[in-house]
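Since the structure comes first, as structure tokens, the remarks are kept for the end.
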Amino acid sequence: MVIASMTMVNFQRDRGDAMAADETGAGPDQRAGVKAASGPLMQDASRFLDKIAAQRAQLSPSERKVADFVLDHPERIIRMSIAELAASVGVSQPTVLRFVRSLGLSRYPDLKLLTGQSIVSGTPYLHSEVRTQDTLDEVTDKIFDSSIHVLNTVRQSINREALMRAVQMIVAARRIDCFGAGAASILAIEAQHKLMRLGLPVMAYVDTHLQRMAAATLGPRDVVLCFSHTGEIRDTVKMAMKAREVGACVIALTKPGTALAAAADILLAIDAHENTEVYAPMTSRIAHAVVLDIIVTAVALHFGEPLLKRLRDVKDSLADLRLPAAHGQAGKQGGTGKAPAGGHGG
């Protein structure tokens, strides 16, 4: 709220310059012929930054740099000329203009105007990097807000046709291998766990030597699920390329425009904008897990009613691993072992 209030003052002060500037970032002396931003993006200016985040995956690498800067520093954009923005990002001014036009805008001042309106509306881009001076409350809010924002962004940008193709390939697969390195290996294991419950022939390999041997033994009716936030992990890319070489279908959950994306037959693009230089992937991991849940649920629905009995049997096989209900309540009741009055100890 403090940022939004301060930005309101700055935005109102700078709005005249933004509206009056030409495509090269000229000042208020270029007022003639200036028009307000128009088009589809103006229909809901409060979500302008969300729209940039959703469209980020379709941008060129250089345009994506501009998008990242706008998303990370929206309050600075409304006070920058096109030359200043280009210098700060490390791209040319024509690249900035291409970015502007890829958003459906015709002029650079439109970008400044819509960015300012989005901030003033109280809905700035929610991804904020965790900083060393942040309090626990700030860390909590940033991670929750970033996770919610990334899920909404992926929801808007995910290719539904690619999702359907992935489900169809998994349903028909003779064998399913799940590959991931580092933090992504957890996602591979989770994929194995969830698909195994459906009775599918699935295996996750954490050891890279086993992954290489497994990839070499795949065939045309097999499917490989590859997980990677960066899409540039050498081992995972090599595994995908080998699997594709022997005829298997490679499904990659990763960032678009990467080596792994290029090696995939089916790309499920997850472009979570976060800094992983210091911290392990956070929001991207959640997005990967949700897309995996969508795939598994769609596969289960494909098999229909006959699968329900199998799922019940799987659940029943774990029943004796749970603590008795009364025992679980004992700790809450000071060790009395009695369930609360009127309850069933659940």
Side-chain angles (χ1 to χ4, degrees), residues 162-163 165-167 169-272 274-297 299-300 310 314 317-318 321:
L163 266 176
R165 289 173 54 211
V167 170
M169 293 303 300
I170 290 172
V171 165
R174 178 184 69 93
R175 166 182 157 192
I176 305 166
D177 283 6
C178 305
F179 297 152
S185 65
I186 299 172
L187 291 164
I189 294 172
E190 184 174 358
Q192 177 194 20
H193 172 77
K194 292 185 174 182
L195 292 173
M196 180 180 62
R197 294 177 68 247
L198 306 184
L200 299 180
V202 59
M203 179 63 70
Y205 301 94
V206 178
D207 183 272
T208 55
H209 289 186
L210 288 176
Q211 288 182 10
R212 292 197 179 197
M213 290 188 287
T217 63
L218 291 165
R221 292 180 53 203
D222 300 329
V223 169
V224 171
L225 281 172
C226 291
F227 299 89
S228 173
H229 165 63
T230 65
E232 303 291 350
I233 302 301
R234 182 181 291 107
D235 285 333
T236 305
V237 173
K238 283 186 175 180
M239 248 57 75
M241 294 175 66
K242 182 62 179 179
R244 192 169 179 177
E245 178 186 322
V246 296
C249 175
V250 177
I251 302 172
L253 284 74
T254 191
K255 186 178 296 186
T258 61
L260 180 57
D265 295 292
I266 301 175
L267 171 63
L268 299 178
I270 301 176
D271 195 9
E274 67 176 330
N275 179 12
T276 58
E277 295 301 319
V278 178
Y279 304 102
M282 294 183 284
T283 57
S284 64
R285 185 186 66 239
I286 295 171
H288 277 78
V290 170
V291 173
L292 175 60
D293 282 342
I294 293 170
I295 293 172
V296 173
T297 302
V299 171
R310 176 178 293 161
V314 171
S317 71
L318 303 174
L321 299 179

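Remember, predicted model here, so these are calculated numbers, not experimental data.
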*Pairs in or reaching into residues 200-214: which pass side chain to side chain donor-acceptor pair (under 3.5 Å), with residues at least two apart or in two chains?*
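Every side chain to side chain donor-acceptor pair (under 3.5 Å) pair that includes a residue of residues 200-214, provided the two are not neighbours, is Arg212-Asp235.
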
*Got a sec, which pairs hit side chain to side chain donor-acceptor pair (under 3.5 Å) with one end in residues 183-197, sequence neighbours left out?*
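Of all non-adjacent pairs touching residues 183-197, those that pass side chain to side chain donor-acceptor pair (under 3.5 Å) are Glu190-Lys194, Lys194-Asp293.
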
Note, [X] side chain near [Y] side chain (heavy atom, < 4.5 Å):
X      : Y      : value
Ile170 : Ile295 : yes
Val296 : Leu195 : yes
Ile176 : Met203 : no

*Can you list the residues that meet the side-chain hydrogen bond (donor to acceptor under 3.5 Å, both in side chains) rule with Arg175, with sequence neighbours excluded?*
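With neighbours one apart ignored, the set is Asp177, Thr217.
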
*asked:* Just checking Met241: does its CE atom have more than 12 heavy atoms from other residues, nucleotides or ligands closer to it than 6.0 angstrom?
replied: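 Open: at most 12 neighbouring heavy atoms sit under 6.0 Å from CE of Met241.
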
Listed partners of [X] passing side chain to side chain contact (heavy atoms under 4.5 Å, CB included), at least two apart:
X      : value
Glu232 : Thr230, Thr258, Ala259
Met213 : Leu210
Ala264 : Val250, Ala252
Arg221 : Arg174

*Reported CG-to-CG distance for the pair Leu267 and Leu253, which is rounded to 0.5 angstrom*: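 If we round to the nearest 0.5 Å, Leu267:CG and Leu253:CG are 8.5 Å apart.
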
